[in-house]
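To keep things clear, I will list the structure first and then write my remarks on it.
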Amino acid sequence: MPVEHVYTGGWEHFVGGGVAVFDCSGDGLPEIVAAGGDAPVVLLRNGGDMAFTKGAFPEITRVTGVFPLDIDSDGLTDLALTRVGANTLLRGTGGCGFAPAGWGFDGGDRWSTAFSATWETGAAWPTLAFGNYVDRDNPDGPFEACDVNHLYRPAPEGYGPPEVLTPGFCALSILFSDWARRGQQDLRISNDRHYYVSGGTEQMWRLAPVPRLLGDAEGFEPVSIWGMGIASRDLTGDGRPEVMLTSMGDQVLMEWDGAGYVRAPYGSGTTATRPHTGEDGRPSTGWHAEFGDVNNDGLADLFIAKGNVDQMPGMAMEDPNNLLMQGADGVFDEAGVVAGVASPARSRGAALADLDGDGRLDLVVVNRRAPLEVYRNVTEGTGNWLAVAPALPGANRDAVGAWVEVRANGRTDAQERTIGGGHAGSQLMPLHFGLGQADTAEVRVIWPDGQASPWTVLDAGRSYSVAYPGTEWRAQ
């Protein structure tokens, strides 16, 4: 990397350290915006061929996470910044420029580490959810001093005061997802059990006029873990997303069994309990998790960023990142060392994204007290691929809540357009699908209103945009 960037800071920045990946220049190649903690946020402009240079960006510190989305639906990507202090919305001004947004948004004065957004039915503006960690004003903290979470629903004139989601159990990752495939996204919250009050669990909120918590009767098992990050993707082809939850110790993969979500067996290869290199046998600490088909064989793989919180003696200090490659039997095998991504730094946020436009997913990782890392995917003999960017007219330009389905090699692969999850960051890029040896694939979009586009045959090796209702596809 020609520009060195480090996520720094004291105990309030033990968590966070997220990264956003999105194209703000309009050339089809994504930029990188990384949180800095006590250091300023950095914008890295993509010049092609994996060459990045520092771009102009507002001088903002104490940022834990960065999330891209088009809030005002003007066709320019905006940014939501989670902070130790007032959360901030930045309006995209074009050409990778950003300015304070306004929009009536009061960012408060919390310790926020998580963000997600969705468009509720008929809304012109998104509903914004912020996950807050420890209540810094609690004199008995930090232990058992978890803060509440906030939900901002659009008002006639921008955003009014937030709705409070309570109880809070120290959120570190949140994600709006249509996990039940009912045509409406619910809000999953992954919480840090290390700070739990009695009875703390993972949570799922349904956005009724008065939001309510879901439980076992509705297919949601409220497990108790040291939750750090969320990854969501359909791994089995049944149309329901599996959910990966990172933690201290076991990483937990939740599978749909027809009636609800259950923990995947240890034999799935996803628990990643301890370091896979070196002699440190203490438990691992997982942060960002993300599914992506790294070798384009048609099977989603899994990256997990690892790293000790700081100097926790009960947890591994040399804790390399995981790259878990999925086999045809659905079992994941470790390939981090072979791939060269098993960094022992205290990693936090990350993103699997095609940074150079060659159809192979590259990797960017933000580290605490160590330089940001960018890895180029040079794997030989990878399969074919395609990518899809769904778009809506008017509100919700990037079709958040849409599902893209791809049929190839005798199976259907489904991905949902979401904002959030991971740990402290996310990406807004065309949804990438590996196709194995297939030269073409059938593709359709199920839009947020439930309407499905017709199945369309597309050639491999291209990125496509498709506008609602999905009858016209354009190769990029």
Side-chain angles (χ1 to χ4, degrees), residues 15-16 18 65 113-116 129 131 133 146 149 168-180 185-196 200-205 213-216 219-236 240-257 260-274 283-292 300-307 309 315 319 321-324 326 332 347-350 352 416 418 420-426:
V15 299
T113 53
F115 172 85
S116 191
Y133 196 46
C146 292
N149 300 309
F169 298 128
C170 292
L172 280 179
S173 182
I174 62 179
L175 179 66
F176 280 113
S177 171
D178 185 9
W179 63 285
Q185 294 186 319
D186 299 314
L187 180 63
R188 178 185 289 272
I189 304 181
S190 189
N191 296 302
D192 187 357
R193 188 182 180 192
H194 186 61
Y195 289 103
Y196 273 4
T201 66
E202 304 291 281
Q203 295 169 305
M204 184 76 82
W205 289 89
L213 280 169
L214 304 184
D216 290 314
F220 176 73
E221 178 190 354
V223 298
S224 293
I225 59 173
W226 288 269
M228 308 288 196
I230 302 170
S232 179
R233 180 148 174 179
D234 177 20
L235 302 178
T236 64
R240 288 262 195 169
E242 276 61 51
V243 179
M244 189 71 196
L245 304 172
T246 57
S247 178
M248 297 173 68
D250 288 358
Q251 320 309 309
V252 179
L253 178 64
M254 304 295 292
E255 299 178 326
W256 180 256
D257 69 353
Y261 278 91
V262 298
R263 297 188 189 212
Y266 181 82
S268 68
T270 55
T271 53
T273 307
R274 299 178 188 277
S284 284
T285 304
W287 298 90
H288 184 89
E290 188 167 338
F291 291 109
D301 310 303
L302 175 63
F303 176 80
I304 304 175
K306 294 281 191 69
V309 173
M315 308 302 292
D319 199 2
N321 299 329
N322 300 101
L323 180 61
L324 301 173
Q326 184 182 182
F332 290 79
S347 298
R348 293 295 190 262
L352 285 170
E416 182 183 16
T418 59
H423 182 75
S426 65

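Below, each value reflects all heavy atoms present in this structure, side chains not excepted, and no hydrogens, waters or symmetry copies.
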*Check against side-chain contact (heavy atoms from CB on, under 4.5 Å), Asp250 and Arg263*: CA-CA 11 Å; Asp250 288 358; Arg263 297 188 189 212; 5.7 Å; no
Asp186 meets the salt bridge (charged side-chain N to carboxylate O under 4.0 Å, His left out) criterion, sequence neighbours left out, with Arg182, Arg206
Taken in chain and number order and not counting sequence neighbours, the residues that satisfy salt bridge (charged side-chain N to carboxylate O under 4.0 Å, His left out) with Arg233 are Asp413
Indicate every side-chain donor-acceptor pair of residues 240-248 with a distance under 3.5 Å to a residue at least two apart or in another chain.
from, atom 1, to, atom 2, distance (Å)
Arg240, NH1, Trp179, O, 3.2
Glu242, OE1, Leu235, N, 2.7
Thr246, OG1, Gly229, N, 2.7
Thr246, OG1, Trp287, O, 2.6
Ser247, OG, Trp226, N, 3.2
Ser247, OG, Trp226, O, 3.3

(Q) Side chains of Asp319 and Ser284 only: does a donor on one sit below 3.5 Å from an acceptor on the other? (A) yes
side-chain contact (heavy atoms from CB on, under 4.5 Å) partners of [X], counting only residues at least two apart:
X	value
Pro222	Thr201, Asp216, Phe220
Ala114	Ile174
Thr113	Val15, Trp111, Tyr133, Leu172

Would you say [X] and [Y] make side-chain contact, with heavy atoms under 4.5 Å?
X	Y	result
Met254	Val262	no
Glu255	Pro265	yes
Ser224	Glu202	no

Residues passing the side-chain hydrogen bond (donor to acceptor under 3.5 Å, both in side chains) test with Ser347, sequence neighbours excluded, are Asn321, Asn367
Contacts of Gln251 meeting side-chain hydrogen bond (donor to acceptor under 3.5 Å, both in side chains) (sequence neighbours excluded), chain-then-number -> none
Sequence neighbours excluded, the answer for ring pair (Phe, Tyr, Trp, His ring centres under 6.0 Å) partners of Trp205 is none
Nearest heavy-atom contact between Gly269 and Leu324 is O-CD1, 3.7 Å
Exercise for review: Kindly indicate, with the supporting measurements, whether the criterion side-chain contact (heavy atoms from CB on, under 4.5 Å) is fulfilled by Val309 and Met315.
Suggested key: CA-CA 9 Å; Val309 173; Met315 308 302 292; over 6 Å; no
Apply side-chain contact (heavy atoms from CB on, under 4.5 Å) to residues Arg188 and Ser177 and explain how you reach the verdict.
CA-CA 7 Å; Arg188 178 185 289 272; Ser177 171; over 6 Å; no
Decide yes or no on side-chain contact (heavy atoms from CB on, under 4.5 Å) for Leu175 and Ser232, but give the supporting numbers first. CA-CA 9 Å; Leu175 179 66; Ser232 179; 3.9 Å; yes
